[in-house]
Amino acid sequence: MLRGGMETDVLKLLKEEDMAKIHRASMKVLSEVGVQITEKTVRDFFAEKGLRSDDEKRRVYFTEEQVMKAVETAPSVVTLYGRGDESKNIEIGGNKVYTGTGGTAINILDLDRKRRKTTVQDIVDTAKLVDALDHIHFFVIPCHPNDVESVDVDINRFYHAINNTTKPIMGGILTEDGLDKVIEMAAHIAGGMDQLREKPFISFISSIISPLKLDDQGLRNLFKIAGAGLPVAPSCAPISGATAPVTLAGTLVQLNAEALAGVILTQLIKPGTPVLYCAVPTIMDMRTMAFLFGSVESGLMNAAMAQMAQYYRLPLYSTGGISDSKEPDQQAGFEKGISCILPALAGANFIHEAAGQLDGGMTISYAQYVIDNDINGYVLRAVRGIETDENSLATNVIVDVGPGGNFLDQELTVEKMRTEFYYPKAVNRISYDSWEKAGRKDTWTLAEEIAKEILDTHEPNRIPEEIRRRVKNKYPQIKDK
């Protein structure tokens, strides 16, 4: 197993002067263009906090001094906790690397390889899978329960996620009432609001609409989340060529401005709010006008944004390991590998979308979670790099074995053989004859078998029975699963 939180910054796409250029351009955007906020009461709130406001254009503007003050008050490290299991905690910041799930897919490629609408049961099962897979470090709730009324979506998504994994959980919110219920429920499970605030095992996503517009619902949620002192990711997802400039550098300027706006607003609402600097850069295929998630350009921009987060000393919510392919095929493999390893080698912190996602985030797949766990293992092995301590250099062993010998019976081989190499699960590394005798199984088939076994046998550490009973009595809209 390769642990999450290993540190690296070996990939540097931007020079120091490049980052300074992006910073200066973003400051120009924030001071001269600003961001749009529709609700006047919200604009007035921020105006009282010192922001310049324009009611005619419905915008607020930021000076560089205001930006950097917010950067200083925002925590440089945000810890997301495992419920009742501190070995699952993740410390987001610096150049520590973690990989996990993401998205709000509405379809799933089931174990029978048929595509259908997602349900509450899929939240249960994907959480169980993630709970058992070593190289998926956090659970961004990955799908929408189409079998639940809209008013009950939030409480069902978070309850069934919390009940089926002890890894840190994050998710978007559909309604304000849903947000209230989720926070109240999580506090009850934690033993009180103070306990939840001290060790938050849930966090939230709030949306910034590119270009440079604050979503009304997202802003209302932001006030409540920051007011509660819980971690939040004000996510922004510009599309190069559509909702951002076609050039990658231009998209980085806008994305940086949007990401900083999210940080600034949370700090004005409540200084010290645990907020993530967010980057979800994508591109448009200018031949077809199709939105693309799994492009190499997205990987490059995510790697660059990892550098910008380090430039500001802010914890990063990043993207990688996603594909536009419709099934777990060769395209999915190379898109996921490339789009994940680029930000990871740059030291991106919270690489979400890196498990289970297909079809540009519209579809998830049980088998793909297992495959992506393996891909993440490859990525993390690259992040770990090559140790060059005296033991690893093995000079004395080479001297002892000498010309024409072999190293199989050396003590160092026994000591290091389980940790020096990475051993993926859903791959074929046997001889051709052995592969034929074993049924000629490809990666997709092997991954399905592993996923089935986990779903049949894995028992996550669920919410204690008494607390589950009380929560369900209080929220009867939670579906039994």
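Values below: every heavy atom of this structure, side chains too, minus hydrogens, waters and symmetry copies.
- For the atom pair CD of E353 and CG of N302, the computed distance is 10.0 Å after rounding to the nearest 0.5 Å.
- Within a 6.0 Å radius of NZ in K224, other residues, nucleotides and ligands contribute more than 12 heavy atoms.
- Heavy-atom neighbours of E465 CD from other residues, nucleotides or ligands within 6.0 Å: above the threshold of 12.
- The aromatic rings of F46 and F223 sit tilted, their planes meeting at an angle between 30° and 60°.
- In summary, the side chains of T73 and Q267 do present a donor paired with an acceptor at a separation below 3.5 Å, with no hydrogens or angles considered.
- A donor-acceptor pair is defined here as one N or O able to donate and one able to accept, closer than 3.5 Å; no such pair exists between the side chain of R59 and the backbone of D54.
- Contact check on R197 versus D194 returns a salt bridge, with a Lys/Arg side-chain nitrogen under 4.0 Å from an Asp/Glu carboxylate oxygen.
- Sorted by first and then second residue, the side chain to side chain donor-acceptor pair (under 3.5 Å) pairs with a member in residues 165-174 read K88-T166, D131-T165; sequence neighbours excluded.
- Every residue was checked against the salt bridge (charged side-chain N to carboxylate O under 4.0 Å, His left out) condition with E7, not counting sequence neighbours, and none meets it.
- Judged by distance alone, the side chain of S298 and the main-chain N or O of P281 form a donor-acceptor pair under 3.5 Å.
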_Between K474 and R470, does the side-chain contact (heavy atoms from CB on, under 4.5 Å) criterion hold? Intermediate values first, please._
CA-CA 6 Å; K474 186 171 181 62; R470 290 203 298 265; over 6 Å; no
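- Residues that satisfy the salt bridge (charged side-chain N to carboxylate O under 4.0 Å, His left out) test with R462, not counting sequence neighbours, are E459.
- A distance-only check finds a donor-acceptor pair linking the side chain of N89 to the backbone of G82 [under 3.5 Å].
- The closest side-chain donor-acceptor pair between E297 and S240, if any, does not fall under 3.5 angstrom.
- Here the side chain of D215 pairs no donor or acceptor atom with the backbone of I209 at under 3.5 angstrom.
- Side-chain atoms of R83 do not come within 3.5 Å of backbone N or O of P168 as any donor-acceptor pair.
- At least one side-chain heavy atom of S150 sits under 4.5 Å from a side-chain heavy atom of L174.
- Annotation for E17: atom CD counts as buried by contact number, over 12 foreign heavy atoms lying within 6.0 Å.
- Under the 4.5 Å side-chain criterion, counting only non-hydrogen atoms from C-beta, V280 is in contact with H352.
- Side-chain atoms of T118 come within 3.5 Å of backbone atoms of H144 as a donor-acceptor pair (strictly under, hydrogens ignored).
- Between F350 and L316 the shortest side-chain heavy-atom distance does not fall below 4.5 Å.
- Exactly one of Q368, E327, K114 qualifies for a side chain to side chain contact (heavy atoms under 4.5 Å, CB included) with L109. That residue is E327.
- In this model, a donor atom of one side chain and an acceptor atom of the other lie less than 3.5 Å apart for E64 and H23.
- More than 12 heavy atoms of other residues, nucleotides or ligands shown are found within 6.0 angstrom of NZ on K472.
- Between the side chains of Y475 and E184, a donor-acceptor pair is found at a separation under 3.5 Å.
- Of the possible donor and acceptor atoms, none in the side chain of N373 sits under 3.5 Å from a partner among the backbone N and O of V370.
- No more than 12 heavy-atom neighbours from other residues, nucleotides or ligands sit within 6.0 angstrom of NZ on K213.
- Counting only distance, with no hydrogens or angles, the side chain of D324 and the backbone of F293 share a donor-acceptor pair below 3.5 Å.
- Counted by atom type alone, S87 and D85 present one or more donor-acceptor pairs between their side chains at under 3.5 Å.
- Of the N and O atoms on the side chains of D329 and S325, at least one donor lies less than 3.5 Å from an acceptor on the other residue.
- Side chain of N146 to backbone of T119: no donor-acceptor contact under 3.5 angstrom is found.
- Judged purely by distance below 3.5 Å, without hydrogens or angles, the side chains of N256 and Y312 pair a donor atom with an acceptor atom.
- Shown here is K28, whose NZ atom has no more than 12 heavy atoms of other residues, nucleotides or ligands within 6.0 Å.
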